[in-house]
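Presented below is the structure to which this report refers.
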Amino acid sequence: MKKLYITVFILFFNFINANNYLSNVYTQTFKNGLQAVYIPTKSPQVTVAVAYSVGSINEESGKEGLAHLLEHMMFLGTHKFSQDKYLKKIHDIGAEYNAFTTFDVTIYHTTSISAYLSDLLEIEADRMQFLKLDKKAIQNEINVIIEESNMYQNQQYYDFGLAVEQSKFFSTNYARSIIGYKDTFNQITQQDVKNFYQKWYTPNNATVVIIGGFNLKQAKALVKRKFGSISSLYSNISNPKLYQEPLLADININYSSSKIKQNLIIKSFLAPSFVSDTSPNKQVSLSVYILQHIFNSKNNTLYYNLVRKNNLANDIGFDYYFNRKGTSAIDIYTLPNNNSNTNLLLQQFNASLNLYKNNIITQQQVNTAVKNILADLEFSKENEHDFAINIAHWLALGVSVSQINNAYNQLQNITAQQVNNTLNLILSGKSITSIATYK
Amino acid sequence: MNNLIQSNTFIYKLSIYVVLVVAVVFALVLFINLKPIQEIKIKYNRAYIVNNSTKINNNLAVYTNTSNNVVVVDVDIPFTEQQESLTAQVYANMLQLSVGNMLPSQLTSYLNQNTLRYSVTYYNNNININIQGLGSNKVAIFNLLNMALNNPTINTTLLNIVKQNLLVDLKTSNNTDWDLLNAKALTTMYGNTYIVRNAKNIQQVSLTNLQNYKNKYIDYNNVFIGISGNITSQEATGLISNTLVNLPKKPLQEKNNNAKVVYYPNITSQTIAIPKNNLAQSSALIVFEAPDVDKEHELWLISVLNYYLGEMPEAVLLNEVRNKQGLVYHISSHIKETKQTTFWYVVLAASPQNIDKAINLTIQTMQTVFAGNFTNKNIQTTLKWMELRHIQDLNNNSNIASFLSGLLQSQHSFTDYSAEFTTNKQEIMDALKTINTNKFLILKTVPAQ
């Protein structure tokens, strides 16, 4: 009995001390499965972000680029609003609009003055149901996407980057190119696009996030009126291959091209994303998130050794795909000051990374990282548009508002020991070393 | 029988009442749903921001905004000579790495410990310092500003690090095609008066250049500070007084004697092709004349037309070249306006096979508009769009602070500020007559043979 009282007391104590980092956030789920999130502020503007839980990982083999193509088509008119009418409407309300496709989600975001909330919701509800998908328009848009692809191909690291991703995630759908491949673009038919749209663009696969200056009651009524009666045809479909098998050996990639002007070294390790993390309280992914901040803050041993002490590198960086459904990865990268020093830099890079096996991350570094992560959250609220997109992204991955809030609270419980243990675990696994060099 | 009639009458009356009640309820429901959403009062237009800011002196303005617990300080430090632009870039990079004679690692620690976001950038003849912090740590924000303005680190070690960084930056930038076209365009238009950002010129920036730059431009009368966020004007005045008091203060006469040098671009109709290896996509830059620097009103009129042509959702160029023909992924037009020069340019990119077709269609589209193929309604909707965008842009402290520092620099009156601008087709056509729209310089990258 005494133990029970203590347990209840501790839980209660934690509860009343837990911070609500996402305050003033209201959620609602409709009968048709649509999730809506409302974040009223005092702003004169409003952002509507609609996230569909579909991305390139959901494409069939041979139809790569379909999710991204559909994203483009969503701006080309419905049966109610032709493209001209749609653009005119956007123009008349002074809206800023865009969208993006990732592996896991596709997000549409539009911002305008608060008075036009109804118009923004009308546009989203309309194109969720009545997209036109004209054959000629599809072909035209494929040409536009080919140019988009060409734009990326002009970038010196693009092909190298694709090779690195394919090596990391070879047994998953994350090894694909989101934009697609030139030899598959012309295999995509009008019917393919229609089928994909009908299958994935349904209310129970969508989240609507509204942030800005609006009346909550009125906004809820609007969402209900615009989206409430849309029926959902989507049913549970098995997920594509999301989880990468552990690497059995180290992999080395050497990419040499006259496109490369500045050499680049990347060391990659597999890691769980926040969503796929099964450790207690997500401590592994949260530890990696903290590591990302420590490494990118330039106050760490690796930066000191490579940049300051040995003057071999211009910079170091640490990328981690925190928000993904399946297996994620860490990329630690560095750029040599002088291309001719690349091999020497690589040696020093490996040696410095090995130092981290000695648990050298301090509690002060962890505390400073957490402090800055929480400060970042405050700064992010300044940009309501981006804030809405981030929330929509998480919800489309299946992470709830309370889970996001809980994660921020849990961050403060992560210790240096946990961070060091996580880093040790990652560094002791197999890795992929990728080097891009000038030819 | 009477009972039957009475009961029928009752039923009849009851039916009418029921119908009436249903009708009223239905009408009420309809009315509530049709009632327009109460418009949120638009109070964040530029006039509102200006009228509700406190202008403390000619170089400091504060806007109190408690919607978030963030404070932003934005500082513009203009310079006058294009030939000093590389020095300005190096100076900005040095400030980014170190202030107050701290080691770069010490500055990094300071920023991390105080959760400050600090950036020093260079654009449009300005060095810009932007510091964001939480409202609970205002002192650290202003300490940092004080060090950046009054105690920058200028020494050989830091200069060498910055040069090294800039050289790496030249190689890693994904904009190298644009950099190439831009540099070529500028040297073609301005000749040797234009200092190109390349490895050789970066290496030539010296400590003396930087010291001279500091002495010339870091001056009380040349520093324009906008502050926005969870801070009152009294707090801001108190916290910044140390910084302002320590700034050198040249006599205004001397400042005004630094005569503004104006560069007039020499735009001649020609096409310059720059060969490049491994070209998946050709980039193109098309340059037109714009009204001269001192013709402010004409410049504004042309900028309105520019929005209509190439910077809006319904932009004509986007519609004609991308939406209808699928020739490009990106196309946009911009007015380049600094204190010293102006020009008008279009950027686009297409496959090497289609680039000429895209360029020709772009020029054709622009000439059609120059000939008057737009209406007053087009202009009115463009103006409305611009104003709505401005309101949205002023939705966060960073943009408000930046707006205020820009306003101070332009010496706009704060007491008589109006955000109302209006124009019509005729005025724009008159402004077009002040420039030669038949001349344009075309630059494009092409596959190397």
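Worth saying up front: this structure is predicted, and the values here are computed from it rather than measured. Order of the sequence lines fixes the chain letters, A, B, ..., with proteins taken first and strands second; residue numbering starts at 1 for each chain.
The environment of OH in A:Y438 is sparse: at most 12 heavy-atom neighbours from other residues, nucleotides or ligands sit within 6.0 Å. In A:Q364, the CD atom is not crowded: 12 or fewer heavy atoms of neighbouring residues, nucleotides or ligands sit closer than 6.0 Å.
For A:N154 and B:Q281, the side-chain atoms include no donor-acceptor pair closer than 3.5 Å. In summary, the side chains of A:S258 and B:N278 do present a donor paired with an acceptor at a separation below 3.5 Å, with no hydrogens or angles considered.
In this structure, A:N150 and B:S351 approach most closely via the heavy-atom pair ND2-CB, 3.9 Å. Of all heavy-atom pairs spanning B:T172 and A:L335, the tightest one is CG2-CD2, 3.7 Å. For the pair A:R308 and B:P104, the tightest heavy-atom approach, listed with the atom from each and the gap, is NH2-CB, 3.2 Å. Heavy-atom minimum distance, A:N140 versus B:K324: OD1-O, 3.8 Å.
The shortest distance between side-chain heavy atoms of B:Q113 and A:K371 falls below 4.5 Å. Contact of the B:R389 side chain with the A:E96 side chain is registered, since non-hydrogen atoms from C-beta on lie closer than 4.5 Å. Using a 4.5 Å heavy-atom threshold, the side chains of A:Q45 and B:I391 count as separate. A heavy-atom distance below 4.5 Å is not found between the side chains of A:N314 and B:Q164. A:P44 places a side-chain heavy atom less than 4.5 Å from the side chain of B:N395. Counting only heavy atoms from C-beta outward, the side chains of B:N396 and A:E384 never approach each other to under 4.5 Å.
With a 4.5 Å cut-off on non-hydrogen atoms, A:L374 does not touch chain B at all. With a 4.5 Å cut-off on non-hydrogen atoms, A:N311 touches chain B through its side chain but not through its backbone. For A:H385, no part lies near chain B; criterion is any non-hydrogen pair under 4.5 Å. Residue A:K88 touches chain B through both its backbone and its side chain, counting heavy-atom pairs closer than 4.5 Å. Only the side chain of A:Y97 comes within less than 4.5 Å of a heavy atom in chain B; its backbone stays farther off. Neither the backbone nor the side chain of A:A369 comes within contact range of chain B, judged by heavy atoms closer than 4.5 Å.
A salt bridge is defined here as a Lys NZ or Arg NE, NH1 or NH2 lying under 4.0 Å from an Asp or Glu carboxylate O, and B:R117 with A:E382 fails to meet this definition.
The only member of A:E141, A:E147, A:E148 that meets salt bridge (Lys or Arg N to Asp or Glu O under 4.0 Å) when paired with B:R322 is A:E141.
Among residues 295-307 of chain A, the residues having any heavy atom closer than 4.5 Å to a heavy atom of chain B are, in sequence order, A:S297, A:K298, A:N299.
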